[in-house]
Amino acid sequence: MATTPEPVPLDYVKLFTDGACKGNPGPGGWAFILQHPASGKAHEGSGGEAHTTNNRMELMGVIRGLELLRLPLTVDLYSDSQYVLKGMREWMAGWKRNGWRTADRQPVKNQDLWVALDELKGKHTLRFNWVKGHSGHPENERCDRLAVIARDLAGHGP
């Protein structure tokens with residue numbers, strides 16, 4: 001007898017993110033894909049900066065995706081950035097306790113973005129999923145393409 005699949009909760013989304021930089025620092029781009037499985041709807045976003053770092057762009061993809069969420073949700077975050085995932089899962093709590101300083105008392109790099117991400121993180125239940133970059137994962141590959149396009153546009157400036 002076939003089983004009926006469990007319905008997808010309405011308060012659940014998937015967020016796929018990526019960042020790209022040409023040079024570090026250099027022109028950079030970020031991108032995200034936000035999927036709401038219960039409705040089948042998806043939203044993509046991307047942007048870039050003329051002079052930035054890869055880590056800042058990785059963080060911006062997550063921030064811009066989470067900023068779109070109006071209600072508290074369960075979010076499966078998919079990223080190929082260990083910096084983002086470990087930062088959110090392991091390092092952020094200690095940085096906050098230490099006044100946004102690392103274990104060796106140095107200021108946390110990209111503190112402005114980590115603080116913004118911490119505020120957004122507090123509104124949702126996040127689950128962290130690592131995706132190997134450039135491994136054929138469809139949403140990761142799409143985010144990479146969008147981030148590279150945004151990076152290339154940012155690198156051409158006004």
Side-chain angles (χ1 to χ4, degrees), residues 12-37 39-71 73-96 100-102 104 106-158:
Y12 169 74
V13 295
K14 294 180 180 181
L15 176 60
F16 303 89
T17 67
D18 202 12
C21 210
K22 190 172 211 163
N24 203 23
W30 53 266
F32 69 84
I33 299 170
L34 192 58
Q35 295 177 341
H36 185 247
S39 68
K41 292 183 179 179
H43 182 80
E44 296 180 347
S46 63
E49 296 179 20
H51 189 75
T52 190
T53 65
N54 189 64
N55 283 341
R56 287 188 70 81
M57 295 296 92
E58 294 283 358
L59 290 167
M60 285 300 296
V62 179
I63 290 168
R64 293 297 184 238
L66 289 176
E67 284 177 337
L68 290 179
L69 306 178
R70 305 274 182 243
L71 300 171
L73 300 171
T74 298
V75 180
D76 265 325
L77 171 62
Y78 295 85
S79 175
D80 61 11
S81 170
Q82 290 290 351
Y83 174 70
V84 168
L85 297 175
K86 285 186 177 183
M88 293 180 73
R89 190 175 44 223
E90 301 172 25
W91 305 331
M92 192 184 296
W95 290 341
K96 284 174 59 176
W100 292 101
R101 294 196 171 272
T102 62
D104 60 355
Q106 297 301 307
V108 170
K109 290 182 181 173
N110 304 311
Q111 179 181 336
D112 58 328
L113 299 182
W114 285 111
V115 168
L117 196 50
D118 182 49
E119 185 176 321
L120 291 164
K121 180 183 179 216
K123 297 177 181 180
H124 307 286
T125 301
L126 292 176
R127 298 187 300 212
F128 306 104
N129 302 277
W130 181 72
V131 175
K132 183 176 171 134
H134 309 287
S135 64
H137 185 281
E139 290 88 356
N140 181 258
E141 295 292 338
R142 175 74 178 151
C143 281
D144 180 66
R145 284 191 300 277
L146 292 170
V148 167
I149 290 167
R151 176 202 71 196
D152 290 348
L153 291 170
H156 288 96

Query raised in the report: So which pairs with a foot in residues 49-60 pass side-chain hydrogen bond (donor to acceptor under 3.5 Å, both in side chains), sequence neighbours left out?
Result: R56-N110, R56-D112
Query raised in the report: Say you draw a straight line from CG of L69 to CG of L120; how long is it, rounded to the nearest 0.5 Å?
Result: 8.5 Å
Query - Least distance between heavy atoms, A31 atom then C143 atom - result: CB-O, 3.3 Å
Query raised in the report: If you measure from OG on S79 to CG on L15, what distance do you get to the nearest 0.5 Å?
Result: 9.0 Å
Query raised in the report: For the atom pair NZ (K86) and CD (Q82), what is the distance rounded to the nearest 0.5 Å?
Result: 5.0 Å
Report task. Indicate the atoms forming the closest heavy-atom contact of G61 with F32, along with that distance. Result -> O-CB, 3.7 Å
Report task. Using atom types as modelled and distance alone, determine if a side-chain donor or acceptor of N129 lies under 3.5 Å from a backbone N or O of L77. Result -> yes
Report task. Nearest 0.5 Å please: distance from the CG atom of L73 over to the NZ atom of K14. Result -> 14.5 Å
Query raised in the report: With no hydrogens and no angle check, is any side-chain donor or acceptor of K121 less than 3.5 Å from a backbone partner on M88?
Result: yes
**Report entry** Expected output: side-chain Q35 to main-chain A42 donor-acceptor under 3.5 Å
**Finding:** no
Query raised in the report: Does M92 reach the side chain of W100, with side-chain heavy atoms less than 4.5 Å apart?
Result: yes
Query raised in the report: Under a 4.5 Å cut-off applied to non-hydrogen side-chain atoms, are N140 and Y78 in contact?
Result: no
Requested in this report: Could you tell me which residues satisfy side chain to side chain donor-acceptor pair (under 3.5 Å) with R142, sequence neighbours excluded, listed by chain and number?
Outcome: E44
Query - Point-to-point distance, once rounded to the nearest 0.5 Å, from CZ of R89 to CZ of R127 - result: 13.5 Å
Query raised in the report: Which atoms form the tightest heavy-atom contact between W30 and M57, and what is the distance?
Result: CB-O, 3.2 Å
Query raised in the report: D76 and Y12: side-chain contact (heavy atoms from CB on, under 4.5 Å), yes or no, with the steps?
Result: CA-CA 8 Å; D76 265 325; Y12 169 74; 2.6 Å; yes
Query raised in the report: Of the non-hydrogen atoms in G155 and P27, which two are nearest, and what is the gap between them?
Result: CA-CB, 3.5 Å
Query raised in the report: To the nearest 0.5 Å, how far apart are CD in E141 and CG in D80?
Result: 9.0 Å
Query raised in the report: Of the non-hydrogen atoms in G28 and A154, which two are nearest, and what is the gap between them?
Result: O-CB, 3.9 Å
Report task. Can you run down the ring-ring contact (aromatic ring centres under 6.0 Å, His included) pairs that involve residues 109-136, sequence neighbours left out, and say none if there aren't any? Result -> Y83-W114, W95-W114
